[in-house]
Amino acid sequence: SIPAYYVLYALHRLLSNVATGKVFIPDNVQLLRRCSWCLLAAAAICAIGVIWLRVLLIIVAAASFVGLIVRVIMNVFEQAIAMKEELDLTV
């Protein structure tokens, strides 16, 4: 449950940043990176539990899929930050 609690905390911070208008900042990328690692860690922990409970396989698949989606979003944010910095320099 530790990875799940951290993901909730990181999402709260991410939403707080977005609510204050700080969308494309490196802190948000770091929060997304940590969320994805926590989701993949939860998937790995549940993968070990599949030995005893086959139902955990669904959680492994879901956590892995969401972790990969968060990684894609993180990469998009990184590119957006790079583009924003480049545009700020051209003005």
Side-chain angles (χ1 to χ4, degrees):
S1 65
I2 292 172
Y5 287 129
Y6 183 78
V7 168
L8 290 175
Y9 169 73
L11 287 177
H12 175 67
R13 282 190 50 202
L14 180 69
L15 290 174
S16 296
N17 287 342
V18 171
T20 58
K22 298 184 266 183
V23 180
F24 299 113
I25 59 173
D27 186 42
N28 288 348
V29 172
Q30 190 66 25
L31 288 170
L32 287 170
R33 179 176 287 120
R34 289 180 182 164
C35 281
S36 69
W37 281 116
C38 284
L39 287 164
L40 295 175
I45 291 168
C46 289
I48 295 169
V50 169
I51 297 169
W52 296 283
L53 288 172
R54 299 283 183 218
V55 176
L56 290 178
L57 192 60
I58 296 169
I59 295 173
V60 170
S64 299
F65 181 73
V66 173
L68 290 174
I69 295 295
V70 170
R71 291 295 281 190
V72 168
I73 293 170
M74 180 203 65
N75 289 333
V76 170
F77 266 62
E78 279 183 330
Q79 291 298 318
I81 289 171
M83 290 173 64
K84 180 180 177 262
E85 288 175 358
E86 185 178 322
L87 286 174
D88 288 343
L89 293 175
T90 59
V91 173

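Quick caveat: nothing in here was measured; it's all calculated off a predicted structure. Heavy atoms only: backbone and side chains are in, while hydrogens, waters and symmetry mates are out.
Other members of the hydrophobic cluster containing Val66, listed by chain and number, are Tyr6, Val7, Tyr9, Leu11, Leu14, Val18, Val23, Phe24, Val29, Leu31, Leu32, Leu39, Phe65, Ile69, Val70, Ile73, Met74, Phe77, Ile81; membership follows side-chain contacts under 4.5 Å among ILVMFWY residues, whether direct or relayed. Here Leu56 sits in one hydrophobic cluster together with Val50, Leu53, Leu57, Ile59, Val60; the rule is ILVMFWY side chains under 4.5 Å apart, joined directly or through other members. Applying the under-4.5 Å side-chain rule to Ile, Leu, Val, Met, Phe, Trp and Tyr, the cluster around Val72 consists of that residue alone. In the hydrophobic clustering, Ile2 connects to no other residue, as no ILVMFWY side-chain heavy atoms lie under 4.5 Å from its own.
Remark: Ser36 engages Arg71 in a side chain to side chain donor-acceptor pair (under 3.5 Å) (not counting sequence neighbours). Here Gln79 pairs with nothing under the side chain to side chain donor-acceptor pair (under 3.5 Å) rule; sequence neighbours left out.
Of all heavy-atom pairs between Pro3 and Cys38, the closest is CB-O, 3.5 Å.
In this structure, OG in Ser16 is found 10.0 Å from CG in Asn28, a value given to the nearest 0.5 Å. One finds the CE atom of Met83 at 12.0 Å from the CG atom of Asp88 (value rounded to the nearest 0.5 Å).
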Salt bridge (Lys or Arg N to Asp or Glu O under 4.0 Å) between Asp27 and Arg13, worked out: CA-CA 10 Å; Asp27 186 42; Arg13 282 190 50 202; 3.1 Å; yes

